[in-house]
Amino acid sequence: MYRVSDVMTKQVVYLSAETTLDEAARVMKEADIGDVVVTDGSTLAGLLTDRDIVVRAVAECSDPASTSIGSIITREVVMIEQHATAGEAVALMRERNIRRILVCDNERKLVGIVSLGDLAMQLDPSSALADISEGAPNN
């Protein structure tokens, strides 16, 4: 039985809420990732995904050089404990209609991110989603 800690991405990239969209997009491209954790000082402010940039900023014609990521992030973050099963993570994603979950330890400290693609590659490597995710940036 796989645990979330077995499939999660351990390298979490943090950016300040004041970071501009164009800088966040550059960071994502350079790190080959599809999401960053956004902070407001020492507080977790939310999660920014590549899809957020497209749907909430580009589609709204926001200026990427002057729009802060804090203005478009998903503020309601969903967390799961690292020792939860992969099946529990899938159920939570389905229930909340999300593709990524922040992973915490038993003290609620952030230790990783798990994506639907991470789970698909581990649980069903022959699935179409796993095939797509394997060649895609870190989902």
Side-chain angles (χ1 to χ4, degrees):
M1 175 183 320
Y2 288 106
R3 300 278 174 201
V4 171
S5 58
D6 298 327
V7 299
M8 72 182 186
T9 299
K10 292 176 180 76
Q11 182 183 351
V12 178
V13 175
Y14 296 87
L15 291 177
S16 164
E18 291 83 36
T19 304
T20 59
L21 293 174
D22 58 352
E23 178 62 21
R26 268 193 299 282
V27 168
M28 287 182 184
K29 179 182 179 189
E30 289 169 8
D32 194 27
I33 56 175
D35 52 64
V36 295
V37 173
V38 180
T39 59
D40 187 3
S42 61
T43 306
L44 175 70
L47 185 68
L48 177 73
T49 67
D50 46 7
R51 186 173 189 277
D52 292 332
I53 293 173
V54 172
V55 173
R56 296 182 183 162
V58 174
E60 298 293 327
C61 299
S62 299
D63 178 8
S66 64
T67 304
S68 72
I69 61 176
S71 67
I72 67 159
I73 60 172
T74 300
R75 292 192 181 271
E76 183 185 336
V77 295
V78 177
M79 295 186 94
I80 194 166
E81 210 274 332
Q82 65 183 343
H83 299 298
T85 67
E88 289 170 326
V90 169
L92 183 57
M93 287 179 179
R94 184 176 290 132
E95 173 189 316
R96 301 296 289 274
N97 195 28
I98 56 176
R99 298 174 189 195
R100 293 173 176 88
I101 303 174
L102 298 181
V103 181
C104 63
D105 63 14
N106 58 359
E107 296 174 3
R108 305 240 344 131
K109 179 182 174 219
L110 187 62
V111 295
I113 298 176
V114 66
S115 72
L116 186 59
D118 295 333
L119 293 163
M121 287 192 306
Q122 196 65 251
L123 298 175
D124 188 1
S126 63
S127 73
L129 181 57
D131 287 345
I132 292 166
S133 295
E134 189 172 30
N138 188 6
N139 294 321

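Below, all heavy atoms of this structure are taken into account, side chains as well, without hydrogens, waters or symmetry copies. The first residue of the sequence shown is numbered 1, and numbering continues consecutively from there.
Between Ser68 and Ala17, the closest heavy-atom pair is CB-O, 3.4 Å. Of all heavy-atom pairs between Val38 and Ser16, the closest is CG1-C, 4.1 Å. A pairwise comparison of heavy atoms in Ala89 and Val4 identifies CB-CG2, 3.9 Å as the closest pair. When all heavy atoms of Asp35 and Ile33 are compared, the closest pair comes out as O-CD1, 3.2 Å. The shortest heavy-atom contact between Ala24 and Ile69 is CB-CG2, 3.6 Å. The heavy-atom pair separating Glu23 from Arg26 by the smallest distance is OE1-NH2, 3.0 Å.
Between His83 atom NE2 and Asp105 atom CG the span is 8.0 Å, to the nearest 0.5 Å. Between atom CG of residue Leu47 and atom CD1 of residue Ile113 there is a gap of 5.5 Å, rounded to the nearest 0.5 Å. In this structure, CZ in Arg99 is found 10.5 Å from OG in Ser115, a value given to the nearest 0.5 Å. Taken from CD1 in Ile73 to OG1 in Thr39, the straight-line distance is 9.0 Å, to the nearest 0.5 Å. Remark: Gln82 CD to Lys10 NZ distance equals 9.0 Å, nearest 0.5 Å.
The shortest distance between side-chain heavy atoms of Leu92 and Val78 falls below 4.5 Å. Considering only heavy atoms from C-beta on, Ile53 comes within 4.5 Å of Val58 through its side chain. Contact check for Arg100 versus Val114: no side-chain heavy atoms found under the 4.5 Å cut-off. Counting heavy atoms from C-beta on, the side chains of Met79 and Leu110 come closer than 4.5 Å. Contact check for Arg3 versus Thr85: side-chain heavy atoms found under the 4.5 Å cut-off. Using a 4.5 Å cut-off on side-chain heavy atoms (C-beta onward), Leu21 and Ile72 make contact. Here the side chains of Leu102 and Leu44 are in contact, with some heavy-atom distance below 4.5 Å. Counting heavy atoms from C-beta on, the side chains of Leu119 and Tyr2 never come closer than 4.5 Å.
Judged purely by atom type and a 3.5 angstrom limit, Thr19 has no side-chain atom pairing as donor or acceptor with the backbone of Leu15. Under the 3.5 Å distance criterion, the side-chain polar atoms of Asp40 are left unmatched by any main-chain donor or acceptor of Thr43. Checked by atom type and distance alone, the side chain of Ser62 never pairs as donor or acceptor with a backbone atom of Pro64 at under 3.5 Å. Using a distance-only test at 3.5 Å, with no hydrogens or angles considered, no donor-acceptor pair links the side chain of Glu107 to the main chain of Lys109.
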Exercise. Do Arg56 and Asp52 pass the salt bridge (charged side-chain N to carboxylate O under 4.0 Å, His left out) test, and can you show the C-alpha distance, the side-chain angles, and the key distance before you say yes or no?
Worked result: CA-CA 5 Å; Arg56 296 182 183 162; Asp52 292 332; 3.5 Å; yes

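Each of Arg96, Met93, Met8 was compared with Ile101 under the side-chain contact (heavy atoms from CB on, under 4.5 Å) criterion, and only Met93 meets it.
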